[in-house]
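Read the structure below first, then the notes.
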There are 2 protein chains.
Amino acid sequence: MAVTLAEVAAHAGVSPATVSRVLNGGYPVAGGTRTRVEQAIESLGYIANGPARALAAATSDLVGVLVHDVADSFFGILAGSLQRALAPSGPGAARKLAVVCNTEGAPETELAYLALLEGQRAGGIVLTGGAVEEPEHTSALTARIARTAASGAPVVLCGRPPLPLPAHLPVATVMFDDHGGAFRLAQHLLALGHRRIASIAGPPGLSTTRERLDGHRTALRQHGHGVADSCAALTVHAGFERAAGYDATRELLRRGAPFTAVAAANDTVATGVVAALRDAGIRIPEDVSVAGFDDLPFCGDTAPALTTVRVPLREAGTLAAHLVTGRRPLPPGGITTLPTELMVRGSTAPPPDERSSP
Amino acid sequence: MAVTLAEVAAHAGVSPATVSRVLNGGYPVAGGTRTRVEQAIESLGYIANGPARALAAATSDLVGVLVHDVADSFFGILAGSLQRALAPSGPGAARKLAVVCNTEGAPETELAYLALLEGQRAGGIVLTGGAVEEPEHTSALTARIARTAASGAPVVLCGRPPLPLPAHLPVATVMFDDHGGAFRLAQHLLALGHRRIASIAGPPGLSTTRERLDGHRTALRQHGHGVADSCAALTVHAGFERAAGYDATRELLRRGAPFTAVAAANDTVATGVVAALRDAGIRIPEDVSVAGFDDLPFCGDTAPALTTVRVPLREAGTLAAHLVTGRRPLPPGGITTLPTELMVRGSTAPPPDERSSP
DNA sequence: ATGAAAGCGCTAACAC
DNA sequence: GTGTTAGCGCTTTCAT
């Protein structure tokens, strides 16, 4: 058996309660006593039993991190910085453990993992990535989160819109300015002279899809001159994988409606778009411009380098970690919106017409 | 308070033990009783208390997954497939939770997390990625793992060499044929006509670095004609990030020793190599060929597409999950070596000399 | 500032 | 097949 707290207590000549106190801090313990206990812990190689502690305290050091898929760099980067920020360096820092759950973006899986984490008495939960905006799921999710938060475990929504919850619950929201980013990206394309701009949007019903598409269309509408009219014909919904971008682009080409630029749901999809266009003999950006979203690390190394919108994933992960551990107080109103930034690279250029007739 | 097992028992008119039995299976319970219990669980919305269960059973549903960095696609993909395989679909499947820990490749961090996971009574542990081959650390690690495994929690070493442990302990090793992959990659370069092949190797002291470099050099040596002689001058050790590849390449250029091909430690490093060469006015693959390792998803989309060695990350993750949960018995000898595959793409071509003088 | 004692919710012998 | 009964190792009032 492993060394127990009681053995440490015996070894140090104090009561279990005292050992518990020096372990958990926040309680007055005489200097000498503390030292003796610490030495006992050290010499016995004591490691606290997490489950026992969690059972007694009704909360654990586990932090649930729900992502659509860690293999996707978007989530990998987010989860990575989150995990890192959860483990503050320095001696005796109360190390939180990140329990990473792939929801695949499926509502039922999301709920199932939340139940599982509740069962583990997770000390906090971070839900990342776009939310499925279906009334039934939203209310089920809201109810479940309300329970978790009411039990004292902070919940952070990261990269998704806030939920209608009582203000007193420990729930915070960290959003990305997807709308603004998409808006500025569309403006960039319009400024280059593009008028027929296609969208390979994300899955319908997802908050991220809605926000990016809204920002995009708002810019087109604002530009006027009927630029927004062809939206329906030039929009294809697809998944977030490269293959989805490839297939959606083929579908777009099949439709036959002309376009000179494509705004993809994200960078990964954009690589699929580029591949499909190229396979169709279309040059980028000479014939058609392509833009991504997120600014994943590979964006600068693709051919051509991808124009995109930077989403501050690392910052978001760190912030989410601080909020969920209570190291940073909940922001007033509970919502923080992180800025996005347009990154112009080689995959966008003026449309063919503009070049031939300057 | 949450609903407890005792309440479920009362509601169903049975004893707590019976409820526990239907919950955990593997024990005979009369059909009718089982049904009543299941209904009680359902109607009360019972969720088992993980910590309590872990305390009593001395093992939890937590599986520790140590990675260098989840934000790195290599580990993201590995961790993703592992996590997915840990959560078998189907009703009532005993869902294991993946606790992802970023070790940054640092020995102390690795040990610290192992201690933390031991404290959590993790039901299994998977250590992924290259191992730091320093005698002191290896023995500390071996001791720690021996303890964990002795307590009944399976340990899987994934992508790193086996450790000298008693055969009766539940420890399995899943390796990649890095040596063979690097060997074949070097052969490919030699076959193209390259004779001065540089290596941007990984950090010294890491098993992955050693194996890939060994494979590479074995091929050069085997080729003869003094091809292996320039190894020292043409080898630079660096980290696994893109920036490391960039800097190492500049260092290589600074040295002045001529080379016509570069084998990078991995794909990410290779992108940095490509960027540095390009910034120096060197064309790829016309002037210099570049190859990566791992075959991460972006390899086909870079300019030019990257020749590399495919490492079966998804397969490894799934296998590791099966081994650590006991769903797959430990292989005889405890070691499984997964094959790697040479992926020839556009970044490698014959060296300049060969073209001008055919 | 420290100790004593009562659980936290579950599993696992052991009876019946 | 099902019930009884001890703990598992820790936290946390409540005393002192």
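Between atom NE2 of residue His137(A) and atom CD of residue Glu108(A) there is a gap of 7.5 Å, rounded to the nearest 0.5 Å. Summarising the geometry, atom CD1 belonging to Ile145(A) is positioned 8.0 Å from atom CD1 belonging to Ile125(A); distances are rounded to the nearest 0.5 Å. Between atom CG of residue Leu82(A) and atom OG1 of residue Thr318(A) there is a gap of 8.0 Å, rounded to the nearest 0.5 Å. The CZ atom of Arg53(A) lies 6.0 Å from the CG atom of Leu23(A); values are rounded to the nearest 0.5 Å. Atoms CD and CG, on Glu104(A) and Asp72(A) in that order, are 11.0 Å from each other to the nearest 0.5 Å. With rounding to the nearest 0.5 angstrom, the OG1 atom of Thr173(A) is 7.5 Å from the CG atom of Leu163(A).
For the helix from dA1(C)-dT16(D) to dC16(C)-dG1(D), the rotation axes defined at the first and last 5 base pairs enclose an angle of 30°, given to the nearest 10°.
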Side chain to side chain contact (heavy atoms under 4.5 Å, CB included) between Leu86(B) and Leu97(B), worked out:
CA-CA 7 Å; Leu86(B) 238 33; Leu97(B) 291 171; over 6 Å; no

Begin from the C-alpha positions of Asn49(A) and Thr4(A) and carry the test side chain to side chain contact (heavy atoms under 4.5 Å, CB included) through to its verdict.
CA-CA 8 Å; Asn49(A) 181 317; Thr4(A) 69; over 6 Å; no

Pair Asp61(B), Gln120(A) - check side chain to side chain contact (heavy atoms under 4.5 Å, CB included), show working.
CA-CA 9 Å; Asp61(B) 292 337; Gln120(A) 294 297 332; 4.2 Å; yes

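Arg121(B) has its CZ atom 15 Å from the C1' atom of dT11(C), to the nearest Å. Nucleotide dT11(C) holds its P atom 10 Å from the CG atom of Asp61(B), rounded to whole Å. One interatomic measurement links the two molecules: CG of Asn49(A) to P of dC10(C), which rounds to 16 Å at whole-angstrom precision. When the P atom of dC8(D) is taken as reference, atom CD1 of Ile47(A) falls 19 Å away, rounded to whole Å. Rounded to whole Å, atom P of dG9(C) lies 8 Å from atom CD of Glu7(B).
Close to dG3(D), at under 4.0 Å from its OP1 or OP2, lies a side-chain N or O of Ser15(B).
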Quick one, give me the B/S/- string for nucleotides 11-16 of chain D, reading 5' to 3', where B means a protein heavy atom under 4.0 Å from the base and S means that only happens at the primed atoms, P, OP1 or OP2.
SBB---

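Defined by atom type and a distance below 3.5 Å, a donor-acceptor pair is present between the side-chain atoms of Thr18(B) and Ser15(B).
Annotation: proximity of residues 143-154 of chain B to DNA chain D (heavy atom, distance under 4.0 Å) is found for no residue.
Inter-residue side-chain proximity for His68(A) and Leu206(A) is flagged as met; some heavy-atom pair is nearer than 4.5 Å.
Nucleotides of DNA chain D nearest to Ala48(A) and Thr33(B) differ in position, and the one nearer the 5' end is that of Thr33(B).
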